[in-house]
Amino acid sequence: MPSFQTSPGMRDILPPESSRWRAFTQVFADVVEAAGYQQLIPPLLEDLGVFTRIGDATDVVTKEMYDFVDKGDRRVALRPEQTASVCRSFAQHRPVTPWKVFYSGPNFRYERPQRGRYRQFDQVGIEVLGVDDPMLDVEVIALAWEFYEQLGLQQVSLIVNSLGEPDDRSHYVEALRTHFAAAGDALTEQSRITLAKNPLRVLDSKREPDAPFIASAPQITDFYSDEATAHFDAVQAGLRALDIPFTLEPKLVRGLDYYRRTIFEFQGGTLDSAQNALGGGGRYDGLVEALGGPATSGIGFALGVDRTLLACDDEGVFAAEPRDLDAFVVDVVGGIEAAKLTAELRQAGFAADRGYDNRSMKAQMKLANRSNAAVAVIVGEEEVDANTVVVKPMRSGDQQTIPRSELIAYLSGNRNL
RNA sequence: GUGGUCAUAGCUCAAUAGGUAGAGCACCAGGUUGUGAUCCUGGCGGUUGGGGGUUCAAGUCCCCUUGGCCACCCCA
């Protein structure tokens, strides 16, 4: 029995899965960098206040935060998401707008772990600060869409909604409060608690008894101001112009309280469990201000790495593989020759590995085979005496003895072995 | 946090009505004294997640605990 294992909801990403993760973030970076986004690397730890601004009606803040007092008596927390950090960073450094950044890395939420839901989970995402144009909403959504396409996913669906301008939103919230309050005890207890904190979130309930009241609830669309309608119409027109299919879902309300106007979510078609939200985002025009910066409009999205990868598994796409070796050096005369040859090969740009512990040739050949190396470079007594090496292409098995000094040139000239 | 369910070698699983654990894969070593991926032989490997209890006897029953998974919740 091992003395230790990972804490609940924490896990090791082992090879070869780890190389897939790296490829995943690389594809993401390629997509967004091509659109002018640059990477921001915020700290994992922030002042607790940065996150409490996200909203006191969200569990992410009230129940799931990894917060503690550090040795300097500061109230700090492991970030539960990165949007707040980006906004804090903006308020702190005041970069020129539009500020287009992307990020990738782990977040922490103290929840009951499940498949596709971990206490340490990775997200990739982008945020843009300082632009009000609905065409930016379109760009942001389009980039996520493009990313899914690059991965090869075909069963992702996009749902969008608008929460209206802040005033629209508050009027709607009041209407909901009145509507659900009228239901009284017919509403589940959980929903009554949610109602007291944030009526919007009651729409998210999946509890059976709540269903009829949710169905009969007021529609956000009836509360839009002209301004909100214009913005949302423009977003939809833009999505259509780019041939990005979407579904309007007036009852879509996202978890974090800071959203205004456009919000959207991506759902996986294959994992139809409670964990089918692959990613999502929206506008959060008041967040920077709440963090002490100038009134600045913002929009962005975050995509869950784990869930997206699960969706890839289900669709049988994006099975990135680790880099194969070019050569595996088999040395049966002590190991020094292998040390020299691997160093030479690596300096010449070849990926090369070797056997250790002076194992038998048979054992080393097995290692060469397992390593997936293109060729085995074999050195024994005869080769040392003749100053040669044997180059054995593992696929064909058709080996050649060549002068040692010509090894690099030989391999360079026979890349397809 | 609430409820449910599961937990046997590194991995996937077996083990009759409770009688003191097996297989395949993987790994290692041999099968022509220099050469792998097939095949053959052998080997390594488990105080049955951990602790306690019932029993002559528990992987198999009971309790506690740890962890995975599922639903709620929440969200990525």
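All of these numbers come straight from a predicted model, not from anything done at the bench. Chain identifiers are assigned alphabetically (A, B, ...) following the order of the sequence lines, protein sequences preceding nucleic acid strands; residue numbering begins at 1 within each chain.
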Exercise. In chain order, what residues pass the ring-ring contact (aromatic ring centres under 6.0 Å, His included) check against A/Tyr258, with sequence neighbours excluded?
Worked result: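 Testing A/Tyr258 for ring-ring contact (aromatic ring centres under 6.0 Å, His included), a comparison that skips the adjacent residues, returns A/Tyr284.
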
For this session: Fit a plane to each ring of A/Phe301 and A/Phe264, take the angle between them on a 0 to 90° scale, and name the class: parallel (under 30°), tilted (30 to 60°) or perpendicular (over 60°).
Result: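 The rings of A/Phe301 and A/Phe264 stand perpendicular, inter-plane angle above 60°.
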
Exercise. Phosphate oxygens OP1/OP2 of B/A71: is one of them under 4.0 Å from a side-chain N or O of A/Gln114?
Worked result: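 Checking B/A71 against A/Gln114, a side-chain N or O does come within under 4.0 Å of OP1 or OP2.
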
Exercise. Are any of A/Arg359's side-chain N or O atoms less than 4.0 Å away from OP1 or OP2 of B/A29?
Worked result: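 Looking at the OP1 and OP2 atoms of B/A29, one of them is under 4.0 Å from a side-chain N or O of A/Arg359.
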
Gap between atoms [atom1] and [atom2], on [X] and [N] respectively (whole Å):
X        : N     : atom1 : atom2 : result
A/Gln364 : B/A29 : CD    : P     : 11 Å
A/Phe28  : B/A76 : CZ    : P     : 15 Å
A/Arg112 : B/U5  : CZ    : P     : 13 Å

Can you list everything that forms a side-chain hydrogen bond (donor to acceptor under 3.5 Å, both in side chains) with [X]? Sequence neighbours excluded, please.
X        : answer
A/Tyr259 : none
A/Asp385 : none
A/Ser104 : none
A/Arg75  : none

What does [X] touch in the nucleic acid at a heavy-atom separation under 4.0 angstrom: a base, only the sugar-phosphate, or nothing?
X        : result
A/Gly279 : sugar-phosphate
A/Ile378 : base
A/Gly355 : nothing

Problem set entry | Span that lies between the C1' atom of B/G31 and that of B/U66, in whole angstrom |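 Approximately 47 Å lies between the C1' atom of B/U66 and that of B/G31.
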
Exercise. Quick one: side chain to side chain donor-acceptor pair (under 3.5 Å) pairs with a partner in residues 347-358 of chain A, sequence neighbours left out?
Worked result: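 Found none.
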
Exercise. Does the base of B/C73 carry an N or O that pairs as donor and acceptor with the side chain of A/Arg201 under 3.5 Å?
Worked result: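 Donor-acceptor pair under 3.5 Å: no.
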
For this session: Please list, by residue number, the residues of residues 328-342 of chain A whose heavy atoms come closer than 4.0 Å to an atom of RNA chain B; answer none if no residue qualifies.
Result: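 Output list: empty, so none.
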
Exercise. Who does B/U8 pair with, Watson-Crick or G-U, both distances under 3.5 Å?
Worked result: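 Answer to the pairing question: none, since B/U8 forms no Watson-Crick or G-U pair.
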
Collect all protein-nucleotide pairs involving nucleotides 36-40 of chain B in which both atoms are nitrogen or oxygen and the distance is under 3.5 Å.
residue: B/G36; atom: N7; partner: A/Lys392; partner atom: NZ; Å: 3.2
residue: B/G36; atom: N1; partner: A/Met394; partner atom: O; Å: 2.5
residue: B/G36; atom: N2; partner: A/Asn369; partner atom: ND2; Å: 3.0
residue: B/G36; atom: N2; partner: A/Met394; partner atom: O; Å: 2.9
residue: B/G36; atom: N3; partner: A/Asn369; partner atom: ND2; Å: 3.3
residue: B/A37; atom: O4'; partner: A/Asn369; partner atom: OD1; Å: 2.8

Exercise. For residues 22-34 of chain A, which residue pairs qualify under salt bridge (Lys or Arg N to Asp or Glu O under 4.0 Å), counting only residues two or more places apart or in two chains?
Worked result: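 Non-adjacent pairs meeting salt bridge (Lys or Arg N to Asp or Glu O under 4.0 Å): zero.
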
